[in-house]
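First the structure, in the form of structure tokens, and then the observations on it.
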Amino acid sequence: MAILWKIGAGLLALGAISAGGRHWLTHWQPSTERYALQGIDLPENPPAVEWRTLRATGADFAYLVATSGTDRRDPAFEGNWDALPEAGMRRGAIHIYSLCQPAAAQADAFNIFVPRAGDALPTAIDLSFHDDCTARPERAQLVADLTRFVAMVETHTRKPVMLRVSKAFERQYDITAALDRPIWAIGNLFKPDYAARPWRMWRASDFRRVEGVEGPVNWDVVTP
């Protein structure tokens, strides 16, 4: 009986430690003393967000997916885009770049859908691999295509873009060495070091829980 009690007590202790660990992970964020500007980025088809509640948790900005490729517009973008300034938050738009569709047509799709806004953060170009596109162009062709895309978008927004580059994409194309634009790198908990240059923004967690959003969120910080 004593052995069973000890086993039960041990299991309870492990459960408490595990629960404590999960709580720490889902509530962790980089130091606000080191990174004063922190915020979120939403995926395509995001959950509903209570922006004022989120702002009260310490989020300063939000990046929203606007377009993907040439033919996908996020239906939640316009409502969220308009709501962010009212909640006292900065706003930025994301285009998910497709390796399977023409660069110029993608730029046109973004420029038509996303309005020019003086208060907007730099447009972010997501460069990563996706299941719906298996194309892998040569590096020289990709650099030329992205250079054209970037020029068209920057002409519209009148601001330099930012490159959100996944580790796998960077490993294959070394794209941050070719395009001299601010880098948004990705790495849960640990600072990423895979880009050719220091990053400007870091997605530090994709499992943080905050009030105002149901489920885990992507939590980002900006270098000072």
Practice task
Give the minimum heavy-atom separation between Asn188 and Ser205, together with the two atoms involved.
Solution key: OD1-CA, 3.2 Å
Problem - Any Ile112 side-chain heavy atom under 4.5 Å of Arg73 side chain - result: yes
Exercise for the section: Dump the intermediate steps for side-chain contact (heavy atoms from CB on, under 4.5 Å) on Tyr173 and Arg136, then the final yes or no. Expected result: CA-CA 10 Å; Tyr173 286 112; Arg136 298 294 183 267; 3.7 Å; yes
Problem - Aromatic contact, Phe77 with Phe113 (centres under 6.0 Å) - result: yes
Practice task
Share the residues that join Tyr194 in a hydrophobic cluster, the rule being Ile, Leu, Val, Met, Phe, Trp or Tyr side chains under 4.5 Å apart at the heavy-atom level.
Solution key: Ile186
Practice task
Evaluate the side-chain proximity of Val161 to Pro122: yes if any heavy-atom separation is below 4.5 Å, no if none is.
Solution key: no
Handout entry: In one Ile/Leu/Val/Met/Phe/Trp/Tyr side-chain cluster, 4.5 Å: Leu121, Trp81
Key = no
Please set out all donor-acceptor pairs under 3.5 angstrom arising from side-chain atoms of residues 43-50, sequence neighbours excluded.
unit_1, atom_1, unit_2, atom_2, d
Glu44, OE1, Arg72, NH2, 2.9
Glu44, OE2, Arg72, NE, 3.2
Glu50, OE1, Thr53, OG1, 3.3

Practice task
Check side-chain contact (heavy atoms from CB on, under 4.5 Å) between Thr26 and all other residues, then give those that pass, not counting sequence neighbours.
Solution key: Arg209
Exercise for the section: Give every residue pair that meets the salt bridge (charged side-chain N to carboxylate O under 4.0 Å, His left out) criterion with at least one member in residues 103-121, sequence neighbours excluded. Expected result: Arg91-Asp119
Problem - Ionic contact status for Arg55 with Glu211, cut-off 4.0 Å - result: no
Problem - is_close_aromatic(Trp219, Phe207), centroid dist under 6.0 Å - result: no
Completion exercise
Separation between CG (Asp220) and CG (Asn218), nearest 0.5 Å, reads 6.5 Å
Problem - Given Arg148, His95, Gln101, the one that forms side chain to side chain donor-acceptor pair (under 3.5 Å) with Gln106 - result: His95
Completion exercise
residues 182-194 vs salt bridge (charged side-chain N to carboxylate O under 4.0 Å, His left out), sequence neighbours excluded, gives none
Exercise for the section: Describe, in one word, how the ring planes of His156 and Phe110 are oriented to each other, choosing from parallel (under 30°), tilted (30 to 60°) and perpendicular (over 60°). Expected result: perpendicular
Practice task
Quick one: which residue pairs count as a salt bridge (charged side-chain N to carboxylate O under 4.0 Å, His left out) with a foot in residues 161-179, not counting sequence neighbours?
Solution key: Asp41-Arg164, Asp126-Arg164
